[in-house]
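Reading through the structure tokens given below for one structure.
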Amino acid sequence: MPEDYFDAVTTNPGADGLYVHYPATPADTLEENNGDVDVGIGSHTDIQCVTLLWQDMSGGLQVLSAGDEWLDARPIPGTLVVNIGDFLQRLSNNRFKSTVHRVYNRQPTSRYSMPFFLGFNPDSVCKVVPSCIDEDHPALYGPISCGKWHRNRIELAHGKPISD
């Protein structure tokens, strides 16, 4: 696709940055449970297009491999982790897979991370990218706005409609 293909849907994109603190796990708790303590966020995917993540050097981020094995995403100084989100998986006709991941802190010190979530204009209707469709791979998804997609996902997660 041309370099400017997404320009019209990123004039006022969904873009959120967070500063996340994962509290320390007391050393005695770690000892009592042989280090098997989950303090953090359970397995999930991100609903936007892309997540850029800076994490401190303490570790704790894991990604689920294609073979259903949890792999440590060890921090590398001066780098960001890039996650594919659910909406980009949809637009790519499943060519790119949304990253299932989880976060924990099994250390007696705090853990910090800064995720930045990027989507498209909430009202812009997007469809599967034409270069991701061919005779063997028809579009798996119909057009939808990024905002409606997010609303549907949140309602699904909470099991009820969102009140206006």
Cut-off 3.5 Å, no hydrogens considered: what does the side-chain donor-acceptor table look like for residues 74-87, sequence neighbours left out?
from, atom 1, to, atom 2, distance (Å)
Thr79, OG1, Ile76, O, 2.6
Asp86, OD1, Thr45, OG1, 2.9
Asp86, OD1, Ser98, OG, 2.5
Asp86, OD2, Thr45, OG1, 3.0
Asp86, OD2, Arg153, NH1, 2.4
Asp86, OD2, Arg153, NH2, 3.2

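- Among residues two or more places apart in sequence or in another chain, the ring pair (Phe, Tyr, Trp, His ring centres under 6.0 Å) test is passed with Tyr112 by Tyr19, His21.
- At a cut-off of 3.5 Å, with distance as the only test, no side-chain donor of Ser58 or Asn105 sits close to an acceptor on the other residue.
- One hydrophobic cluster, built from ILVMFWY side chains closer than 4.5 Å, cannot hold both Ile41 and Ile47; they sit in different ones.
- Between Val129 and Phe6 the shortest side-chain heavy-atom distance falls below 4.5 Å.
- Although no hydrogens or angles enter the test, the distance criterion places no donor-acceptor pair under 3.5 Å between the side chain of Asp123 and the main chain of Gly147.
- Every side-chain contact (heavy atoms from CB on, under 4.5 Å) that Asp136 has, sequence neighbours left out, goes to Asp134.
- Not a single ring pair (Phe, Tyr, Trp, His ring centres under 6.0 Å) links His137 to another residue, sequence neighbours left out.
- At a threshold of 4.5 Å between non-hydrogen side-chain atoms, the residues Thr51 and Thr99 do not count as touching.
- In the displayed structure, Lys148 atom NZ is contacted under 6.0 Å by at most 12 heavy atoms of other residues, nucleotides or ligands.
- Taking Pro122 as the reference, nothing meets the side-chain contact (heavy atoms from CB on, under 4.5 Å) condition, with sequence neighbours excluded.
- The minimum heavy-atom distance linking Asp7 with Glu3 is given by the pair OD1-O, 4.5 Å.
- Residues that satisfy the side-chain hydrogen bond (donor to acceptor under 3.5 Å, both in side chains) test with Gln62, not counting sequence neighbours, are Asp72, Arg102.
- Rounding to the nearest 0.5 Å gives a distance of 9.0 Å between CG of Leu61 and OH of Tyr104.
- Taking both residues in full, the closest heavy atoms of Ser124 and Val9 are given as CB-CG1, 3.5 Å, listed atom of the first, atom of the second, then distance.
- Once rounded to the nearest 0.5 Å, the distance linking CG of Leu118 with CG of Leu88 reads 10.0 Å.
- With a 4.5 Å cut-off between side-chain heavy atoms of Ile, Leu, Val, Met, Phe, Trp and Tyr, the cluster of Leu64 takes in Trp70, Val100.
- Contacts of Tyr5 classified as side-chain hydrogen bond (donor to acceptor under 3.5 Å, both in side chains), with partners at least two apart in sequence or in another chain: none.
- Side chain of Asn12 to main chain of Asn121: no donor-acceptor pair is present (N/O by atom type, distance under 3.5 Å, no hydrogens or angles).
- Every side-chain contact (heavy atoms from CB on, under 4.5 Å) that Pro143 has, sequence neighbours left out, goes to Val125, Lys127.
- Leu140 forms part of a hydrophobic cluster together with Val128, Ile133, Tyr141, judged by ILVMFWY side-chain heavy-atom separations under 4.5 Å.
- Taken to the nearest 0.5 Å, the CE atom of Met1 stands 9.0 Å off from the SG atom of Cys132.
- Listed by chain and residue number, Leu18, Tyr22, Ser113, Pro115 satisfy the side-chain contact (heavy atoms from CB on, under 4.5 Å) test with Val20 (two or more places apart in sequence, or in another chain).
- Annotation for Val63: hydrophobic cluster partners, listed by chain and number, are Leu71 (ILVMFWY side-chain heavy atoms under 4.5 Å, direct or chained).
- No donor-acceptor pair closer than 3.5 Å links the side chain of Thr10 to the backbone N or O of Pro13.
- Residues Phe120 and Cys126 approach most closely at CD1-SG, 3.7 Å, considering heavy atoms.
- Residue Arg111 comes nearest to Gln55 through the heavy atom pair NH2-OE1, 2.8 Å, listed as atom of the first residue, atom of the second, then distance.
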